[in-house]
Amino acid sequence: MTIRFIAASRLPTPWATFTMHGFEDEATGKDHIALTLGNVADGEPVLGRVHSECLTGDALFSMRCDCGYQLQEALKRIAEEGRGVLLYLRQEGRGIGLLNKIRAYHLQDQGADTVEANERLGFGADLRRYDLCVPMLEHLGVNGLRLMTNNPRKVDALTKEGVDIAERVPLTTGLNPHNEQYLSTKAGKLGHMMALGDFTRAGDVDIERKP
Ligand SMILES: Nc1nc2c(ncn2[C@@H]2O[C@H](COP(=O)(O)OP(=O)(O)OP(=O)(O)O)[C@@H](O)[C@H]2O)c(=O)[nH]1
Ligand SMILES: [Zn+2]
């Protein structure tokens, strides 16, 4: 594992002023980030989110998935608790990269579901790795997580890497007409522990829309 801490700074957000820790992954050339709030190194399990990059959802307001909603909700909950950690991992598109995700979206526009689209492109459904979380959490002094996720494979993978997941905290937010099918596929084919009835709906923004 070749994760190296580079620098830390303040990061003011609408919810709280976090500390942002930057890491370099020498093997892949990717940069990863951790945001922390409060004392996360006191030995007690920390409210945490391990979030995989979704440029379209996290930065471009996409309603095709639930990523952006989950990111905001996780930061809000950490701020409410006054303590927590968010690892932002640069594994876009479940590891296939942004351009392949756009290829997959193109196939989904023609009727494939999220898993079929990946497979038609010759990828597995999920290529992400979680081993890089270990040196990041060690650097931060985090001993265990109360992990905000619906993804059982994420819990299993982190546990196998030796991360103590003291609790799984559901994160069901952002349901809207554009991601309903996608979330159903996640619950069905990808085994996410959630039902659409658990979700809060994404609020509409107050603008005049064009289709
Ligand atoms: N290949 C592909 N990747 C997607 C698609 N939609 C979202 N992603 C990526 O999936 C990742 C998020 O994975 P999810 O399965 O939504 O959620 P998760 O993080 O595993 O599970 P949660 O912790 O419950 O959110 C991000 O890297 C997104 O870029 C899609 O249709 N195809
Ligand atoms: Zn997304």
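Each ligand, and each atom within it, is numbered from 1 in the order the structure gives. In this chain, residues are counted from 1 in sequence order. Nothing here was measured: the structure is a model prediction, and the numbers come from that model.
Of the protein's non-hydrogen atoms, the one nearest atom 32 (N) of ligand 1 is T114 OG1, 3.4 Å. With hydrogens left out, the protein atom closest to atom 9 (C) of ligand 1 is R94 N, 3.6 Å, a heavy atom. With respect to atom 4 (C) of ligand 1, the closest heavy atom belonging to the protein is K101 CD, 3.9 Å. Among protein heavy atoms, the minimum distance from atom 7 (C) of ligand 1 is reached at Y182 OH, 3.1 Å. Protein heavy atom closest to atom 19 (O) of ligand 1, with residue, atom name and distance, is K154 NZ, 2.7 Å. For atom 24 (O) of ligand 1, the nearest protein heavy atom (residue, atom name, distance) is N150 N, 2.8 Å. Among all protein heavy atoms, the one lying closest to atom 27 (O) of ligand 1 is E53 O, 2.8 Å. In this structure, atom 16 (O) of ligand 1 lies nearest to the protein heavy atom K186 NZ, 2.5 Å.
S52 contributes atom OG, which lies 11.0 Å from atom CG of L71 (distance to the nearest 0.5 angstrom).
Residue D126 does not touch ligand 1, judged by heavy-atom distances below 4.0 Å. Using a 4.0 Å cut-off between heavy atoms, Y105 contacts ligand 1 through its side chain alone, with no backbone atom that close. Looking at L171 against ligand 1, nothing comes within 4.0 Å, counting heavy atoms.
L132 and L87 fall within the same hydrophobic cluster, where Ile, Leu, Val, Met, Phe, Trp and Tyr residues are linked whenever their side-chain heavy atoms come under 4.5 Å apart, directly or through other members. Neither M20 nor L140 shares a network with the other; the hydrophobic side chains, linked directly or stepwise wherever heavy atoms of I, L, V, M, F, W or Y lie under 4.5 Å apart, form separate groups for each. Hydrophobic clustering (ILVMFWY, side-chain heavy atoms < 4.5 Å, transitive): L158 and I78 are in distinct clusters. In the hydrophobic clustering of ILVMFWY residues, with side-chain heavy atoms under 4.5 Å counting as a link, L171 and V163 come out apart.
Listed by atom number, the atoms of ligand 1 under 4.0 Å from T149 heavy atoms are 21 (O), 22 (P), 23 (O), 24 (O). Listed by number with element, the atoms of ligand 1 under 4.0 angstrom from any heavy atom of Q91 are 27 (O). Within ligand 1, counting atoms from 1 as listed, the ones closer than 4.0 Å to a heavy atom of R49 are 19 (O), 22 (P), 23 (O), 25 (O). Each of the following atoms of ligand 1 lies closer than 4.0 Å to a heavy atom of D66: 16 (O).
Proximity of Q108 to ligand 1 is established by a heavy-atom distance of less than 4.0 Å. Put simply, part of R128 is less than 4.0 Å from ligand 1, judged by heavy atoms. In this structure, R64 does not count as a contact residue of ligand 1, since none of its heavy atoms falls inside 4.0 Å of the ligand. Note on ligand 1: N118 sits in its first shell, one or more heavy atoms being nearer than 4.0 Å. Ligand 1 has no atom lying under 4.0 Å from any heavy atom of L55.
Here's the thing with Q70: one of its N/O atoms is less than 3.5 angstrom from an N/O atom of ligand 1.
Geometry about the Zn ion (ligand 2) gives an angle of 120° between SG of C54 and SG of C67, rounded in steps of 10 degrees.
Counting only residues at least two apart or on different chains, the salt bridge (Lys or Arg N to Asp or Glu O under 4.0 Å) pairs with a member in residues 74-87 are D42-R83, E73-K76, E73-R77, E81-R146.
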Open item on the list: Under the criterion side-chain hydrogen bond (donor to acceptor under 3.5 Å, both in side chains), I'd like the reasoning laid out for K101 against T56: C-alpha separation, chi angles, the key distance, then a yes or no.
Closed with: CA-CA 10 Å; K101 187 174 82 170; T56 45; 2.7 Å; yes
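The number of heavy-atom neighbours closer than 6.0 Å to CD of E167, taken from other residues, nucleotides and ligands shown, is above 12.
Side chain of N118 to main chain of V115: no donor-acceptor pair is present (N/O by atom type, distance under 3.5 Å, no hydrogens or angles). The backbone N or O of R129 lies less than 3.5 Å from a partner atom in the side chain of Q91, making a donor-acceptor pair. Between the side chain of T114 and the backbone N or O of Y182 there is no donor-acceptor pair closer than 3.5 Å.
A side-chain N or O of Y88 and one of D58 form a donor-acceptor pair less than 3.5 Å apart.
Ionic pairing of R64 and D109 is present here: one or more N-O contacts between side-chain nitrogen and carboxylate oxygen are shorter than 4.0 angstrom.
The heavy atom nearest to atom 29 (O) of ligand 1, out of those in S62, S52, G93, is found in G93.
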Identify each donor-acceptor pair in which a side-chain atom of residues 30-38 lies under 3.5 Å from a protein atom, sequence neighbours left out, and give them as a table.
from, atom 1, to, atom 2, distance (Å)
H32, ND1, R90, N, 3.1
T36, OG1, H21, NE2, 2.8

